[in-house]
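Start at 1 and go down the list; that is how both ligands and their atoms are numbered. Since the model is a prediction, treat every value here as computed from it, not as a measurement. Position 1 is the first residue of the sequence; numbering continues from there.
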Amino acid sequence: MEKDVKTILSECGFGFKKQLGQNFITDKNLLAAIVAASGVGENDVVVEIGCGAGTLTRALSERVKRVISFEVDKSLQPVLERTLAGCKNTEVVFRDFLKVDLKEFESVTGGYFVVANLPYYVTTPLIMKIIEQSEKCLGLSVMVQKEVAERLCASAGTPEYGAITAMVALRAECEIVKRVPRTLFYPRPNVDSAVVKFTFRDSLKVSDKAMYKKVVHAAFLSRRKTLENNLVTAFGFTREVAQGALSACGIDLKARGETLSPERFAALADYITENRPR
Ligand code: SAM
């Protein structure tokens, strides 16, 4: 790159848009650490969501076979023309990633990894889009707000464990691979961050994913209520039916949803799928 990225941003007259979660990484050591922690290598295709000023994009392009980077803010184009000059294996697509048809995108791409410093205002929808819709994503390494990282990696029965933990667990195991203080972003946000690595797995099977989602959402409807009460409210079951489902799955009738492991949610979802009134 001909000049320091902060100078390029200023020379291009770029105005940061807080509402788009524009907190960029300029620290070279941090960029190298994110790329290394993601485990991507020279034969891999990487999808980045939100290339910003292109610093992580460039670090990725130096390591992998191909980078496809989505960015919603077209006003970054003059900046990226300079910061990504010479990155021949890199393509920037100016589109809102939430509006990308993943089926269509994947029909022309092979397997790919997602590596990104996600915009905080849409972290959950972006992660859930990949978890629920992608068929060719091989793994995900994303920078998120520290509290979100802790929720993604939480164990059942802890205050951080929630619907998103159980939903993601259906497809992946999550691990915090790096904690990042707010001081390393430009401009500096009000929160600290962490990089979460998602390793996709096939071990948690459920016959109807939509039912799993419904059971998880029911379980966290009201944290203060028992799972039985939440099932009655969410599914319109009688108490007897709710109790029958819990007993059949070996779940304590007084249990609260937040104490159930993803495996237990899967067992309950399968039981309801098989035994629900037709
Ligand atoms: N990757 C850069 C870095 O690490 O310095 C920028 C990260 S910044 C946290 C997030 C970027 O995502 C911003 O450039 C923002 O404009 C972009 N963005 C926000 N919402 C988006 C969306 N729905 N689709 C694609 N990009 C988005």
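Listed by first then second residue, pairs satisfying ring pair (Phe, Tyr, Trp, His ring centres under 6.0 Å) with a partner in residues 40-96 read Phe70-Phe97, Phe70-Phe105, not counting sequence neighbours.
No more than 12 heavy atoms of other residues, nucleotides or ligands lie within 6.0 Å of CG in Asn190, so this atom counts as exposed by the packing criterion. No more than 12 heavy atoms of other residues, nucleotides or ligands sit less than 6.0 Å from atom NZ of Lys209.
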Are any protein N/O atoms closer than 3.5 Å to the N/O atoms of ligand 1? If there are, list each pair with names and the distance to one decimal place.
| residue | atom | partner | partner atom | Å |
| --- | --- | --- | --- | --- |
| ligand 1 | 1 (N) | Glu48 | OE2 | 3.2 |
| ligand 1 | 1 (N) | Gly50 | O | 2.8 |
| ligand 1 | 4 (O) | Asn117 | ND2 | 2.9 |
| ligand 1 | 5 (O) | Ile25 | N | 2.8 |
| ligand 1 | 14 (O) | Gly52 | N | 3.4 |
| ligand 1 | 14 (O) | Glu71 | OE1 | 2.7 |
| ligand 1 | 16 (O) | Gln22 | NE2 | 3.0 |
| ligand 1 | 16 (O) | Glu71 | OE2 | 2.6 |
| ligand 1 | 20 (N) | Tyr121 | OH | 2.9 |
| ligand 1 | 23 (N) | Asp96 | OD1 | 2.8 |
| ligand 1 | 24 (N) | Phe97 | N | 3.0 |
| ligand 1 | 26 (N) | Val72 | N | 3.3 |

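Using a cut-off of 4.0 Å between Lys/Arg side-chain N and Asp/Glu carboxylate O, Glu42 and Lys65 are scored as not salt-bridged. Between Arg179 and Glu150, at least one side-chain nitrogen of the basic residue sits less than 4.0 Å from a carboxylate oxygen of the acidic one, meeting the salt-bridge criterion.
Checked against a 6.0 Å centroid threshold, the rings of Phe198 and Phe200 do not count as neighbours.
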